[in-house]
**Q** 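Sharing a structure with you now.
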Amino acid sequence: MSKNIPEKPSSEEVDLGQLFKLIGNAFERLFKFIGTILNGIFMAAVWFIFFIKKNFILLAAAALIGFGIGYVKLKFSEPVYSSNAVIKQNYNTGESLYNLLNYYNDLILDKDTLALSESLNLTTKEASHLVYFEMESVLNENSKLKVFDKFKREVDSTIAQDIDFETFLENSSDYDYEYQRLTVKSSRKDLLKKILPEVIKNIEAIEFFKNEREKDLAELSYRERIIIESLKESDSLQKVYQRVLEKENQDTNSQTSILINNAEEQNTTKEFELYTSDIKLRRELVEIQRKKDDIRKIVEVISSQQDEGIIDNTVEILDVKFSYKIFYAALLFTVVFLILLVLKALNYLERYKDKI
């Protein structure tokens with residue numbers, strides 16, 4: 001009789017069965033969730049296609065009208081010329097430069113040609129042709145990586161290990177980089193050659209940067225004088241060693257000759273050390289002179305298109321340039337699309353007004 005009693009499954013088998021069931025249910029819910037999302041995306045895409053199809057004529061008309069507006073603006077409006085120059089900042093003038101150009105842009109917006117003409121040494125008529133000032137870094141990602149690598153070598157190692165490239169970019173401004181591109185947009189092509197020297201002169205007139213330059217030049221000049229004096233003293237010592245060697249070589253005593261040879265070797269070693277030290281000092285003098293040449297100008301022009309500007313009939317959005325025709329076509333299409341979308345939403349809500 002005991003043989004007919006069914007064996008009870010072990011607790012271990014029950015636990016495994018429940019575990020597999022739970023895993024299966026979890027996967028089933030996950031797939032249902034993913035399926036719901038994909039179905040929602042598909043339905044939204046279908047709705048969007050039918051929405052475009054239903055309002056195609058209206059949207060196409062808006063795009064064509066926008067294209068026409070862009071064409072008319074391009075054909076009949078005053079052309080805008082773009083001129084640019086690459087400049088090198090020998091001091092941290094970036095923020096001051098950006099603020100100065102923003103000030104000029106505010107004056108252009110306010111149509112204050114008198115203040116513009118006084119600041120840039122232009123006639124009021126020339127100032128009225130100005131459209132926009134812009135400055136941006138000319139460094140690409142690879143160049144910024146090199147700057148980041150140099151930064152990590154200069155800072156303390158304990159600090160450097162906690163800073164990655166993304167953090168470095170987030171905490172640095174575009175104007176911090178040494179090389180910048182200054183762009184002037186105007187309705188005249190020859191204004192950059194008049195404006196650029198004035199912009200640089202206005203920056204170099206800032207008292208803070210003038211003081212910094214004078215302090216740096218004074219420090220370098222002091223180091224230069226110290227090195228020159230050291231070289232003179234070194235030259236005197238070398239002449240002393242030479243006279244000692246010449247005197248020792250005149251001694252013909254054999255017993256003394258051994259001592260003389262040892263002394264001669266020692267003096268020659270000292271003379272060679274002085275010679276090596278002189279080479280290092282002279283190299284440092286060359287470096288000092290180069291530094292003085294570099295910082296003599298607070299801001300200097302590397303290259304520029306000073307003769308004539310290039311016609312610029314584009315609109316820039318998120319670092320992407322569009323022609324007037326494409327821009328206005330896309331703008332009017334988007335505006336009409338959004339208006340139709342809002343009307344559709346209001347119509348949808350109107351149906352359920354009575355149910356609320």
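This is a predicted model, so every value here is computed, not measured.
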**Q** Sort and list the pairs that fulfil side chain to side chain donor-acceptor pair (under 3.5 Å) and have at least one residue in residues 196-210, not counting sequence neighbours.
**A** Tyr104-Asn202, Glu198-Lys201
**Q** Checking side-chain contact (heavy atoms from CB on, under 4.5 Å) for the pair Leu101/Leu182: CA distance, chi angles, key distance, verdict?
**A** CA-CA 9 Å; Leu101 298 183; Leu182 171 63; 3.4 Å; yes
**Q** Show your working on side-chain contact (heavy atoms from CB on, under 4.5 Å) between Ile52 and Asn55 and close with a plain yes or no.
**A** CA-CA 5 Å; Ile52 294 290; Asn55 300 285; over 6 Å; no
**Q** What do the steps show when you test Glu224 against Gln289 for side-chain contact (heavy atoms from CB on, under 4.5 Å), and what is the final call?
**A** CA-CA 8 Å; Glu224 189 177 30; Gln289 187 58 47; 3.7 Å; yes
**Q** Mind listing the closest non-hydrogen atom pair of Leu130 and Ile108 along with its distance?
**A** O-CG2, 3.6 Å
**Q** If you round to the nearest 0.5 Å, how far is CD of Glu178 from CD1 of Ile87?
**A** 11.0 Å
**Q** To the nearest 0.5 Å, tell me how far Lys291 NZ sits from Leu217 CG.
**A** 12.5 Å
**Q** Contact between Gln180 and Val138 at the side-chain level, heavy atoms closer than 4.5 Å - yes or no?
**A** no
**Q** Are Glu134 and Tyr98 side-chain neighbours, meaning at least one heavy-atom pair lies under 4.5 Å?
**A** no
**Q** Quick check: closest heavy atoms across Gly66 and Tyr328, and the distance to 0.1 Å?
**A** O-CB, 3.1 Å
**Q** Ser230: what forms a side-chain contact (heavy atoms from CB on, under 4.5 Å) with it, not counting sequence neighbours?
**A** Ile226, Leu281
**Q** Roughly how far, to the nearest 0.5 Å, is NZ of Lys325 from OH of Tyr71?
**A** 7.5 Å
**Q** Determine the sole option in Lys292, Lys297, Arg296, Arg290 for which the salt bridge (charged side-chain N to carboxylate O under 4.0 Å, His left out) test with Asp294 is passed.
**A** Arg290
**Q** Please name the pair of heavy atoms, one in Leu220 and one in Ile288, separated by the smallest distance, quoted to 0.1 Å.
**A** O-CG2, 3.6 Å
**Q** Quick one, Thr183 and Ser82 - any side-chain contact, counting heavy atoms below 4.5 Å?
**A** yes
**Q** Give the C-alpha distance, both sets of side-chain angles, the deciding distance and a yes or no for side-chain contact (heavy atoms from CB on, under 4.5 Å) between Asp112 and Asp106.
**A** CA-CA 9 Å; Asp112 192 346; Asp106 290 340; over 6 Å; no
**Q** Under 6.0 Å from the ring centre and within 45 degrees of the ring axis: does the NZ or CZ of Lys73 meet both conditions for the six-membered ring of Tyr324?
**A** yes
**Q** What heavy-atom pair brings Thr124 and Ser117 nearest, and what distance separates the two atoms?
**A** CG2-OG, 3.7 Å
**Q** Looking at every heavy atom in both Ala85 and Leu196, which two are closest together, and how far apart are they?
**A** CB-CD2, 3.7 Å
**Q** Nearest 0.5 Å, what's the CD-OG distance between Glu126 and Ser187?
**A** 11.0 Å
**Q** Do Leu114 and Leu122 sit in the same hydrophobic cluster, where Ile, Leu, Val, Met, Phe, Trp and Tyr count as joined when their side-chain heavy atoms come under 4.5 Å apart?
**A** no
**Q** Tell me whether Ile295 is reachable from Ile298 by hopping between hydrophobic residues (I, L, V, M, F, W, Y) whose side-chain heavy atoms are closer than 4.5 Å.
**A** yes
**Q** Considering residues, nucleotides and ligands other than Asn102, do more than 12 of their heavy atoms fall under 6.0 Å from its CG?
**A** yes
**Q** Which pair of non-hydrogen atoms, one from Ile195 and one from Leu120, has the smallest distance, and what is that distance?
**A** CG2-CD2, 4.1 Å
**Q** Would you give the length of the straight line joining atom CD1 of Ile203 to atom OG1 of Thr93, rounded to the nearest 0.5 angstrom?
**A** 6.0 Å
**Q** Should Arg283 and Glu287 count as an ion pair when the cut-off is N to O under 4.0 Å?
**A** no
**Q** Return the CZ to OH distance between Arg213 and Tyr91, rounded to the nearest 0.5 Å.
**A** 7.0 Å
**Q** Is any side-chain heavy atom of Val301 closer than 4.5 Å to one of Ile200?
**A** yes
**Q** Can you tell me if CD1 on Ile57 sees more than 12 non-hydrogen neighbours from other groups inside 6.0 Å?
**A** no
**Q** Test side chain to side chain donor-acceptor pair (under 3.5 Å) on His129 and Ser186; report intermediate values, then the result.
**A** CA-CA 5 Å; His129 288 284; Ser186 66; over 6 Å; no
**Q** Would you call the rings of Phe337 and Phe51 parallel, tilted or perpendicular if under 30° counts as parallel and over 60° as perpendicular?
**A** perpendicular
**Q** Side chain of Ser119, backbone of Ala115: donor and acceptor closer than 3.5 Å?
**A** no
**Q** Taking Tyr177's backbone N and O only, do any of them form a donor-acceptor pair with Gln89's side chain (distance below 3.5 Å, no angle check)?
**A** yes
